[in-house]
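Report on the following structure.
Position 1 is the first residue of the sequence; numbering continues from there.
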Amino acid sequence: MPLSTTQRTGLVDQVIEQLREAIRSGEWPLGERIPTEPTLVADLGVGRNTVREAVRALAHSGLLEVRQGDGTYVRATSEVSGAIRRLAGTELREVLQVRKPLEVEGARLAADARTDDDLTRMRDLLDTRDHAWSEGNVDEYVRHDAAFHQATIDAAHNSVLTELYRGLTEVIVASVAATTQLDVPRPAHTGHRGLLEAIADRDPDRAADEVCAFFEELAERA
């Protein structure tokens with residue numbers, strides 16, 4: 001979504017919303033530097049103080065990170081994720097404790113509510129992820145593994161659960177990256193094929209058991 005000139009009422013709020021949408025839509029990817037202040041001033045048609053105040057507000061909420069002498073970077077894709085990253089930091093154990101109940105319930109619901117399109121998406125993500133692992137591309141492996149977990153939640157077709165889990169995106173990716181460092185070699189259970197089969201068979205209990213076993217394994221290794 002291209003930035004547009006704002007109206008003269010509530011300028012800071014309007015700028016904040018436009019910057020937030022650029023982050024949320026992926027126009028400004030996670031970890032990337034956003035346009036410079038002069039560029040934002042020109043694109044938005046507002047003064048430097050307005051842009052600075054908007055950036056400051058989003059930095060306070062955790063979406064942006066201002067690096068003196070370097071620029072401003074996207075730190076999180078939602079305020080929920082930004083807040084969780086500030087609170088949890090890099091404590092893997094706490095992140096896994098939060099993920100487990102969400103993913104167990106998500107798997108149960110997905111086994112009942114999934115569609116054929118959901119299964120196709122999940123299979124494609126696993127295939128791509130496994131290919132990345134075989135090629136030694138750890139970054140792609142992590143990205144597609146995290147996407148598979150989100151796809152499982154999406155297959156539950158519960159909008160509240162989906163948005164709640166999506167708000168954890170950054171800490172989930174970080175936890176996947178951290179646990180991937182322990183995969184020498186990668187244990188069979190993290191392949192998630194059993195989970196996919198349980199969801200395909202519409203077996204909620206088996207799907208939940210697969211997720212529980214996965215997190216128990218991670219807890220032991222971590």
Side-chain angles (χ1 to χ4, degrees), residues 22-34 62-65 67 71 73-78 80-82 84-85 88-93 95-96 98-100 102-103 106-107 110 114-156 162-200 207 210-211 213-215 217-222:
I23 295 169
R24 187 165 47 219
S25 68
E27 180 182 346
W28 295 347
L30 184 67
E32 296 295 317
R33 184 167 56 187
I34 72 171
L63 269 71
L64 296 177
E65 177 184 0
R67 302 177 188 174
Y73 290 77
V74 178
R75 186 172 185 271
T77 56
S78 73
V80 172
S81 185
I84 290 173
R85 289 192 70 173
T90 58
E91 181 53 62
L92 177 60
R93 178 179 58 85
V95 175
L96 294 179
V98 171
R99 285 182 58 188
K100 181 177 179 180
L102 293 178
E103 295 194 31
R114 62 82 176 163
T115 66
D116 289 343
D117 287 343
D118 292 326
L119 292 179
T120 298
R121 180 186 175 207
M122 294 167 70
R123 288 194 184 98
D124 288 346
L125 286 168
L126 280 188
D127 289 344
T128 305
R129 184 201 72 159
D130 290 348
H131 177 72
W133 181 268
S134 68
E135 294 292 316
N137 191 331
V138 177
D139 289 342
E140 282 296 298
Y141 170 86
V142 168
R143 186 167 69 86
H144 284 91
D145 187 83
F148 172 81
H149 288 279
Q150 181 67 59
T152 303
I153 297 296
D154 293 344
T162 293
E163 289 308 309
L164 178 60
Y165 194 84
R166 197 178 302 281
L168 303 174
T169 297
E170 283 72 50
V171 291
I172 289 170
V173 171
S175 70
V176 171
T179 55
T180 298
Q181 303 303 316
L182 307 172
D183 294 340
V184 188
R186 175 165 51 89
H189 221 100
T190 59
H192 302 316
R193 297 291 173 178
L195 172 59
L196 179 57
E197 291 171 3
I199 292 174
E210 288 286 339
V211 175
F214 164 68
F215 278 101
E217 183 179 284
L218 286 185
E220 289 176 2
R221 289 158 51 213

According to ring-ring contact (aromatic ring centres under 6.0 Å, His included), who are the partners of F148, at least two apart in sequence or on a separate chain?
H192
Between H149 and D145, does any side-chain donor sit less than 3.5 Å from a side-chain acceptor?
yes
If you measure from CG on N137 to CZ on R143, what distance do you get to the nearest 0.5 Å?
9.0 Å
Under 3.5 Å donor-acceptor, R67 side chain and Y73 backbone:
no
Might you point out which heavy atoms bring A155 and M122 nearest each other, and give the distance in Å?
CB-SD, 4.4 Å
Testing the basics here: between W28 and I34, what is the closest heavy-atom pair and its distance to 0.1 Å?
CE3-CG2, 3.6 Å
Between D118 and T115, does any side-chain donor sit less than 3.5 Å from a side-chain acceptor?
yes
Does any N or O in the side chain of H144 come within less than 3.5 Å of the main-chain N or O of E140, such that one atom is a donor and the other an acceptor?
yes
Quick one: do the Y165 and E103 side chains pair a donor with an acceptor below 3.5 Å?
yes
Please give me the minimum heavy-atom distance between V173 and V142, naming the atom from each residue.
O-CG1, 3.8 Å
In sequence, state the C-alpha distance, the side-chain angles, and the governing distance for L63 and V74, and then conclude on side-chain contact (heavy atoms from CB on, under 4.5 Å).
CA-CA 6 Å; L63 269 71; V74 178; over 6 Å; no
Please report the C-alpha distance between T152 and L196 in whole Å, then the side-chain angles of each, then the deciding distance to 0.1 Å, and finally whether the side-chain contact (heavy atoms from CB on, under 4.5 Å) criterion is met.
CA-CA 9 Å; T152 303; L196 179 57; over 6 Å; no
How long is the gap from CZ on R114 to CG on D154, to the nearest 0.5 Å?
15.5 Å
Nearest non-hydrogen partners of R99 and S175, listed with the distance:
NH1-OG, 2.9 Å
Ionic contact status for D130 with R123, cut-off 4.0 Å:
no
Would you say the side chain of L168 lies within less than 4.5 Å of the side chain of V95, judging by non-hydrogen atoms?
no
Please confirm whether the backbone N or O of L125 pairs with a side-chain atom of T128, one donor and one acceptor, at under 3.5 Å?
no
Of all heavy-atom pairs between A107 and A207, which one has the smallest distance, and what is that distance?
O-CB, 3.8 Å
With the side chain counted from C-beta on, respond yes when L195 and F214 share a heavy-atom pair under 4.5 Å apart, and no when they do not.
no
Separation of T162 OG1 from Q150 CD (nearest 0.5 Å)
6.5 Å
Of the non-hydrogen atoms in I153 and G106, which two are nearest, and what is the gap between them?
CD1-CA, 3.9 Å
